[in-house]
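For reference, the structure is listed below as structure tokens.
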There are 2 protein chains.
Amino acid sequence: MNRPQRKNNPDAVRARLIECAARLIVDDGLSALTLENVAREAAVSKGGLLHHYHGKNALIDGLFEEVVDWFDSQVENALEPEETAPARFSKAYLRVVAAIDMSVPEERRLAVLMLMLSSDPHYCARWNQWVEARLQRHAKTDLSPFARTLRLAADGLWLSDLGGGPDSSPSARREILAFLEDIDATGAMLANSPHEGGQ
Amino acid sequence: MNRPQRKNNPDAVRARLIECAARLIVDDGLSALTLENVAREAAVSKGGLLHHYHGKNALIDGLFEEVVDWFDSQVENALEPEETAPARFSKAYLRVVAAIDMSVPEERRLAVLMLMLSSDPHYCARWNQWVEARLQRHAKTDLSPFARTLRLAADGLWLSDLGGGPDSSPSARREILAFLEDIDATGAMLANSPHEGGQ
DNA sequence: GCTAAAAAACCGTCCAGACGGTATGTACTG
DNA sequence: CAGTACATACCGTCTGGACGGTTTTTTAGC
């Protein structure tokens, strides 16, 4: 995968740049995401950064795609085998979000996504594209109110995680998950309503 | 309360500054919140702005408090009369969020809150303080998993509103609300679990 | 009630620093 | 040698904020 014949392989530098950008955003807020800060954190000069990413937008775009791809693969892995399971996609969605441990740097990436989503309409639109594409693929299972509610709760959890809200503690999180599973078990009102997508 | 004997009462100017700052953030993004822009929108010079708010932080702080106070009063008004109703606070919380109409300028304020929350850890902490204070006040009714889930879903709805996600359409929203109410009606698993607050 | 002093409200300008981005130079690799 | 991967130095712009001046309102003395 990597090319150890190079002393400093540029892929690693790129990855480090993305990683540091993510860390900066999560820990110090969006305003801390400056080229200089990222470069310093990644132990690279600003010129070096701009060699890999032609401008700040390119860096952010790279970060965005990185995170979305990561989340996408995570959800894909969390999907149940039965393809007709109700709320199959939304459950996986929730599971991935709920499993995030903010103390693990790798998993803070999602917080980055949240930040970017709420700060820039452009990324918001791109995210919505992803969600709607997935929703379309799982239209048979994930348009029910229950599925929607699951995703909404996941988003709330996600947001709560970001700020360390009172519902992000492990115990509170466990309770919520258990509650949602109980509802699922009762099996009430899981019928897919024929609600047209989009707004 | 106000002093109408003044021709241009400064309270009105301050309110206008806050209002314009909010509008700028929501419509044009966080980066558009500059002293000059705010001053121009409010038909006040930059010096005038700095006379009322000693620095940008003071302005943002004022905005933050304004919005939190507004949300607080909205939730207070949405509270059911019966003080022992399960998830009393969380239901009001959800009701207020769900009732927000983003086309009404007044109600876009909440979007401001979201923006600030996600951009600055400091405001995140202050928001958590508010939530925890309210949670403590309503500890008897709003620590159940159901209540937590309600607030989480509200947050998700809130976020979805901001970005115009696929779950922010009126019909989808109605479905979700109805679903949540059905769960409430079944009355299952509403017992307050003795979960210690905080993290 | 009149007036002068004080305070508050407000304006326009200027400046230091930060930030994104460019241009140029250099070392390493193949 | 050519191209990649960086580093260094620098530039133009924007922004926050300081500062001094001007108008309006309030207060105080008489």
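Every chain is numbered from 1, with letters handed out A, B, ... down the list of sequences. This is a predicted model, so every value here is computed, not measured.
- Residues B:Ser160 and B:Asp167 bring no donor and acceptor atom of their side chains to less than 3.5 Å of each other.
- The residues B:Arg173 and B:Asp161 are annotated as salt-bridged, a charged nitrogen and a carboxylate oxygen being separated by less than 4.0 angstrom.
- The separation between B:Tyr53 atom OH and C:dA8 atom C1' is 16 Å, rounded to whole Å.
- The side chain of B:Ser45 has C:dG12 as its nearest neighbour among C:dG20, D:dA7, C:dG12.
- With hydrogens and angles ignored, a donor-acceptor pair under 3.5 angstrom links the side chain of B:Lys46 to the base of D:dG17.
- Residue A:Arg14 contributes atom CZ, which lies 12 Å from atom P of D:dT4 at whole-angstrom precision.
- The CG-P distance, from A:Leu50 to C:dG20, rounds to 9 Å in whole Å.
- Classification of the B:Trp127-B:Phe71 ring pair by plane angle, with boundaries at 30° and 60°, yields tilted.
- Summarising the geometry, the separation between CG on B:Asn37 and P on D:dC14 is reported as 12 Å, rounded to the nearest angstrom.
- Where B:His51 and A:Asn57 meet DNA chain C, the nucleotide closest to each residue was compared, and B:His51 sits on the side nearer the 5' end.
- Counting to the nearest Å, the C1' atom of C:dC11 and the CG atom of B:Leu17 are 14 Å from each other.
- Along DNA chain C, the nucleotide closest to A:Leu33 and the one closest to A:Gly47 are compared, and the more 5′ of them pairs with A:Leu33.
- Rounded to whole Å, the distance from NE2 on B:His52 to P on D:dT24 is 15 Å.
- Between the CG atom of B:Leu35 and the P atom of C:dC10 there is a distance of 16 Å, given to the nearest Å.
- DNA chain D is contacted by both A:Glu36 and A:Gly48; A:Gly48 maps to the nucleotide lying nearer its 5′ end (nearest heavy atom per residue).
- Taking 4.0 Å as the cut-off between side-chain N and carboxylate O, B:Glu82 and B:Arg88 do not count as a salt-bridged pair.
- Note: CG (B:Leu59) to P (D:dT15) measures 15 Å, nearest angstrom.
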